[in-house]
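The first residue of the sequence shown is numbered 1, and numbering continues consecutively from there.
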Amino acid sequence: MNDKRPTSSKSGHGLGLLSILIGIMLGVGLGAGYGHTMWMASGGPQRKLDQFHKTVRQKIAFAADAEMQRDRLQQKARQAAAAGRRQEAQRLGEEAGRLQTKADTLRRVHVPAIRAEIDRTKAVVGQAAQTDLTTARTVLVLVRFCGDVFLRMLFVIVIPLVVTSMICGITSLGDIRHMGKVGGWTLAYYFATGAAAVTLGITLVSIIEPGSGADDTFAYVSENVMAKQQTTVADTLLEVIRGREGDPGSGMIPANIFLAASQTNVLALILFALVFGGALSTLGEKGKPAISFFRAVNDAVMKIVRLIIYFTPIGVFGLVATQIADSGGGGAFYVELQRLGWFFLTVSLGLAIHLVVLCIVLAVFARRNPLEYLYAMARALLTALSTDSSSATLPVTMECVEEAGVSERAAGFVLPLGATINMDGTALYEATAAIFIAQSAGIPLSGAALVIVFLTATLAAIGAPGIPSAGLVTLIIVLTAVNLPAAGIGTILAIDWLLDRERTSINVFGDAVGAAIIDRYLSRNNT
Ligand code: ASP
């Protein structure tokens with residue numbers, strides 16, 4: 001079987017890359033320069049006002065909750081003191097004092113600051129009502145259209161791509177009963193790099209301490225995040241496997257595979273294709289017609305992927321401009337960035353160091369030049385940066401990796417699986433964010449708690465689907481495991497969209513490196 005795809009010319013690759021970069025730069029330019037006007041045209045000020053009102057109500061509820069807990073602790077402290085347990089009484093007293101300070105800050109600092117902001121936003125709502133924003137509205141509709149169509153094109157091809165490439169990858173590895181080693185190495189790679197990323201995140205956030213002094217005045221936690229706080233870590237993990245109650249298309253093992261496909265439940269399809277491909281590979285001659293069928297379908301799907309890639313420059317332009325406009329324009333985002341600057345820097349630094357780690361792993365285990373490989377992956381990395389989704393980027397990653405000379409069988413096996421379970425960037429982010437939240441709430445974490453953060457962050461990243469902001473939702477697993485308030489998520493919400501793009505690119509690069517390593521393993525062992 002001819003595994004290698006024809007490599008396109010270097011100048012063609014460079015040109016494609018350049019056009020994507022231009023698309024991103026134009027998107028940033030439009031979003032930063034005209035994003036605020038587009039935001040006004042899309043009813044942004046009114047949405048912001050509504051959000052501020054909800055935030056005030058939430059802060060008051062949090063303050064009341066803290067006061068209730070304070071009363072309970074004070075009572076316990078009195079009982080401990082009466083029983084002569086002085087140390088315990090002192091510890092409870094200190095904890096009660098911390099809750100008192102929290103309630104005071106919420107009532108006396110946060111609520112008045114948000115009310116002042118409400119007054120300012122009311123003026124902006126009035127101003128928007130009096131301005132003719134027809135042009136901005138039209139521009140936004142058109143720009144959003146470009147981004148949406150591109151995203152839809154990627155998502156529409158993901159399901160056929162995942163299923164056929166997985167089946168082709170598995171069947172070309174030979175009889176499934178002999179492939180335990182390849183599977184083992186792949187999982188070992190996923191786990192080792194994930195663990196390295198989490199360790200890096202924990203180390204950096206502990207050294208830099210971005211959480212001490214972080215400003216969470218305007219943090220708001222959405223209802224669905226608050227509701228998730230009630231579920232336990234075990235429940236959440238079991239849900240990833242079994243799916244949600246009353247939703248037969250969800251989970252790793254859905255009750256209905258077609259429903260799973262209709263919900264773009266990629267993990268379920270991967271597992272199904274893995275088992276299906278494995279079964280096909282054991283059939284010998286009888287399985288060959290079906291295998292050829294899936295190979296032909298996979299080739300056709302990859303042809304469509306190459307067509308979709310032509311739309312990348314305009315698609316990324318639309319996605320980037322819309323995102324900046326939705327977050328209030330360049331100025332508004334700059335304000336948020338300043339508020340969370342240290343957290344942003346810590347995560348970005350961690351991701352940058354992990355990129356270097358992956359390059360070293362690539363050079364050592366795949367014997368490839370990291371810079372050349374990075375260059376070959378650039379289109380996939382920029383697509384990840386713009387789409388915010390490993391799954392949506394998968395078609396582009398597949399194409400880039402195969403263009404870089406990685407065999408179809410390695411790519412077909414490692415990439416789809418990696419796009420949903422191998423998320424180094426997400427793992428690093430979850431650990432860093434959890435400790436950041438603890439620091440900003442003034443809650444010290446013991447050594448044992450750090451170990452729990454390590455384990456749950458690794459698991460939460462495995463459980464996160466490759467879609468935008470999935471890591472933010474599974475962060476609840478880490479927070480509840482170490483008894484941190486889910487409300488902390490509100491603190492990092494405002495800049496999550498940018499950090500999500502960064503971590504998604506690292507997730508994608510991690511998968512691409514894995515594919516190159518497994519490819520070398522396969523060719524060295526003549527498998
Ligand atoms: N957006 C990420 C991805 O698709 C997941 C996350 O960290 O939110 O890889």
Side-chain angles (χ1 to χ4, degrees), residues 52-115 205-206 209-237 433-457 460 475-493:
F52 279 145
H53 282 299
K54 283 203 252 173
T55 313
V56 166
R57 284 198 294 275
Q58 194 171 66
K59 297 274 176 187
I60 292 173
F62 284 165
D65 192 42
E67 281 157 356
M68 229 163 63
Q69 288 184 46
R70 174 208 60 196
D71 291 346
R72 234 179 282 144
L73 287 179
Q74 278 174 343
Q75 199 187 351
K76 277 192 187 162
R78 275 194 296 273
Q79 284 165 355
R85 299 193 302 272
R86 279 188 39 210
Q87 263 188 350
E88 189 187 336
Q90 191 184 354
R91 189 181 51 77
L92 290 168
E94 278 167 12
E95 184 69 359
R98 199 178 60 74
L99 287 167
Q100 174 72 59
T101 315
K102 183 180 168 190
D104 286 348
T105 312
L106 285 164
R107 285 195 198 280
R108 301 207 190 120
V109 182
H110 291 186
V111 171
I114 302 168
R115 289 212 167 115
V205 73
S206 306
E209 287 199 32
S212 34
D215 181 3
D216 62 346
T217 310
F218 296 98
Y220 172 72
V221 201
S222 64
E223 286 86 4
N224 60 347
V225 167
M226 290 305 281
K228 279 222 160 76
Q229 201 176 7
Q230 312 305 330
T231 53
T232 65
V233 179
D235 280 346
T236 317
L237 290 176
I435 299 174
F436 167 80
I437 288 169
Q439 288 170 350
S440 50
I443 302 171
L445 290 180
S446 63
L450 289 183
V451 173
I452 297 178
V453 168
F454 173 86
L455 291 174
T456 46
L475 176 58
I476 299 174
I477 297 181
V478 188
L479 296 179
T480 40
V482 282
N483 281 327
L484 289 171
I489 288 185
T491 317
I492 54 177
L493 206 60

| request: Drop me the distance from Asn483's CG to Leu445's CG, to the nearest 0.5 angstrom. | output: 10.0 Å
| Where is the tightest heavy-atom contact between Ile452 and Ala481, given as atom of each residue plus distance? | CG2-CB, 3.7 Å
| Rounded to the nearest 0.5 Å, what separation is found between the CD atom of Gln75 and the CG atom of Leu92? | 11.5 Å
| Pick from Val478, Leu484, Val205, Leu479: which one makes a side-chain contact (heavy atoms from CB on, under 4.5 Å) with Val453? | Val478
| query | Looking at CD of Gln58 and CG of Leu106, how far apart are the two atoms once the value is rounded to the nearest 0.5 Å? | reply | 10.0 Å
| Any side-chain heavy atom of Arg98 within less than 4.5 Å of one from Ile443? | yes
| task | Search all heavy atoms of Gln74 against all heavy atoms of Ala96 and return the closest pair with its distance. | result | CG-CB, 3.8 Å
| Can you name the closest pair of heavy atoms from Ala77 and Gly93 and give their distance? | CB-N, 4.2 Å
| Below 4.5 Å, heavy atoms only, C-beta onward: do Phe218 and Phe52 meet side chain to side chain? | yes
| query | So do the side chains of Gln90 and Arg86 get within less than 4.5 Å of each other, counting heavy atoms only? | reply | no
| query | How far does CZ of Arg57 sit from OH of Tyr220, to the nearest 0.5 angstrom? | reply | 8.0 Å
| query | side chain to side chain contact (heavy atoms under 4.5 Å, CB included) between Ile492 and Leu475: does it pass, once the steps are laid out? | reply | CA-CA 11 Å; Ile492 54 177; Leu475 176 58; 3.8 Å; yes
| note | Residues Ala103 and Ala63: closest non-hydrogen pair is CB-O, 3.8 Å
| task | Could you verify whether a donor N or O on one side chain and an acceptor N or O on the other, from Gln100 and Asp104, lie under 3.5 Å apart? | result | yes
| side chain to side chain contact (heavy atoms under 4.5 Å, CB included) between Leu450 and Ile435, intermediate numbers included | CA-CA 8 Å; Leu450 289 183; Ile435 299 174; 3.7 Å; yes
| So, the side chain of Lys76 versus the backbone of Glu88: is there a donor-acceptor pair under 3.5 Å, distance only? | no
| Got a second to check how far Ser206's OG is from Phe436's CZ, nearest 0.5 Å? | 13.5 Å
| request: Inspect the contact between Arg91 and Glu94 and indicate whether a charged nitrogen and a carboxylate oxygen are less than 4.0 angstrom apart. | output: no
| Is there side-chain contact between Glu67 and Leu99, with heavy atoms separated by less than 4.5 Å? | no
| query | Above 12 or not: heavy atoms from other molecules or residues under 6.0 Å from CZ of Arg108? | reply | no
| query | Which heavy-atom pair separates Ala219 from Thr55 by the least distance, and what is that distance? | reply | O-CG2, 3.4 Å
| task | Please confirm whether the backbone N or O of Thr101 pairs with a side-chain atom of Arg70, one donor and one acceptor, at under 3.5 Å? | result | no
| task | Would you give the length of the straight line joining atom CD1 of Ile437 to atom OG1 of Thr491, rounded to the nearest 0.5 angstrom? | result | 6.0 Å
